[in-house]
Amino acid sequence: MNTLHVKQGDTVILRTGKYKDKFSKPGVRKTGKIVGVSPKEGKVIVEGINKVKKHVKPRRQGELGGIVEAEAPIYACKVQLVCPKCDKPTRVGHAFKEVKGETKKVRICRKCDAELS
């Protein structure tokens, strides 16, 4: 079983590649929300990042074909989670929390110890 440090719905920044600093001010990196996760391949799809153009044929009569823009997957090792509380890129830590008599494993921010959803 392959596991990733990010989940669907997390906000992440790009650490490497052409989206790191090229299109924004120096020191400011592109952020986006994770739309899809593929743990088997170790890839994620980030909203608005790594857009590619696909040539689509019409499948049914009356349907239009053409060129469609879509987000392509990127490796999960190239993204880093952004903590919603301190708004900084952080590593993911784990802690055990007592909830209604049960011990539950939760993800935490390594910088401010806030619980990540």
Side-chain angles (χ1 to χ4, degrees):
M1 185 172 118
N2 299 331
T3 58
L4 298 177
H5 65 286
V6 289
K7 290 182 179 180
Q8 189 169 342
D10 285 345
T11 303
V12 294
I13 64 162
L14 274 294
R15 292 176 39 201
T16 60
K18 66 180 182 179
Y19 290 100
K20 185 172 94 171
D21 285 325
K22 189 174 182 181
F23 299 114
S24 58
K25 296 177 186 174
V28 178
R29 294 185 172 148
K30 279 279 203 181
T31 62
K33 196 172 186 178
I34 293 186
V35 181
V37 178
S38 178
K40 190 173 182 180
E41 296 174 343
K43 294 185 178 186
V44 294
I45 298 173
V46 183
E47 189 176 49
I49 305 292
N50 199 23
K51 288 205 168 214
V52 294
K53 292 186 179 188
K54 295 168 74 175
H55 293 262
V56 179
K57 277 179 99 173
R59 295 291 174 200
R60 293 184 205 103
Q61 192 173 12
E63 189 177 298
L64 293 174
I67 300 171
V68 178
E69 275 197 14
E71 289 99 2
I74 56 174
Y75 284 104
C77 62
K78 296 186 179 200
V79 299
Q80 189 171 17
L81 184 69
V82 175
C83 176
K85 184 179 176 188
C86 62
D87 203 36
K88 293 181 181 176
T90 182
R91 292 176 296 138
V92 179
H94 292 87
F96 293 97
K97 186 177 178 184
E98 192 74 29
V99 178
K100 297 180 184 176
E102 294 181 14
T103 305
K104 194 173 182 182
K105 188 176 180 181
V106 294
R107 299 187 311 156
I108 61 167
C109 170
R110 288 279 189 170
K111 292 192 178 186
C112 66
D113 289 332
E115 185 177 331
L116 304 170
S117 58

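The figures that follow rest on heavy atoms only: side chains count, while hydrogens, waters and symmetry mates do not.
A salt bridge links Asp10 with Arg107: the distance from a Lys NZ or Arg NE/NH1/NH2 to an Asp or Glu carboxylate oxygen falls below 4.0 Å.
One finds the NZ atom of Lys51 at 10.5 Å from the NZ atom of Lys53 (value rounded to the nearest 0.5 Å). Separation of atoms CZ (Arg110) and CG (Leu81) is listed at 12.5 Å; rounding is to 0.5 Å. We find the SG-CZ distance between Cys77 and Arg15 to be 7.5 Å, quoted to the nearest 0.5 Å. Residue Ile67 holds its CD1 atom at 9.5 Å from CD of Glu69, rounded to the nearest 0.5 Å. Annotation: the span from Thr31 atom OG1 to Ile49 atom CD1 amounts to 7.5 Å, rounded to 0.5 Å. Expressed to the nearest 0.5 Å, how far NZ of Lys85 lies from CG of Asp113 amounts to 8.5 Å.
Side chains of Ser38 and Pro73 form no contact here, defined as non-hydrogen atoms less than 4.5 Å apart. In this structure the side chain of Ile34 never reaches within 4.5 angstrom of the side chain of Lys7, judged on heavy atoms. Proximity of Val6 to Val37: side-chain heavy atoms (C-beta onward) are nowhere separated by under 4.5 Å.
Residues forming a side chain to side chain contact (heavy atoms under 4.5 Å, CB included) with Glu98 (at least two apart in sequence, or on another chain): Thr103. Looking at residues two or more places apart in sequence or on another chain, you find no side chain to side chain contact (heavy atoms under 4.5 Å, CB included) involving Leu64. Every residue meeting the side chain to side chain contact (heavy atoms under 4.5 Å, CB included) condition with Ala72, not counting sequence neighbours, appears here in chain and number order: Asn50, Val52. With sequence neighbours excluded, the residues forming a salt bridge (Lys or Arg N to Asp or Glu O under 4.0 Å) with Arg60 are Glu63, listed by chain and number. By the side chain to side chain contact (heavy atoms under 4.5 Å, CB included) test, Lys57 pairs with no residue at all, sequence neighbours left out.
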- Would Ile13 and Val79 satisfy side chain to side chain contact (heavy atoms under 4.5 Å, CB included), going step by step from the backbone distance to the final call? CA-CA 6 Å; Ile13 64 162; Val79 299; over 6 Å; no

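Taking Ile, Leu, Val, Met, Phe, Trp and Tyr as hydrophobic and joining them when side-chain heavy atoms fall under 4.5 Å apart, one finds Val99 isolated, its cluster having no other members. Here Val68 sits in one hydrophobic cluster together with Val56; the rule is ILVMFWY side chains under 4.5 Å apart, joined directly or through other members. In the hydrophobic clustering, where aliphatic and aromatic side chains (Ile, Leu, Val, Met, Phe, Trp, Tyr) are joined below 4.5 Å either directly or transitively, Val106 groups with Ile108.
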For residues 39-47, tabulate all N or O donor-acceptor pairs below 3.5 Å that involve a side-chain atom, not counting sequence neighbours.
none

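Val35 and Ile74 are assigned to two separate hydrophobic clusters, defined by single-linkage of ILVMFWY side chains at heavy-atom distances under 4.5 Å.
Applying the side-chain hydrogen bond (donor to acceptor under 3.5 Å, both in side chains) test to pairs two or more places apart or on separate chains, those with a residue in residues 88-97 are Lys97-Glu115.
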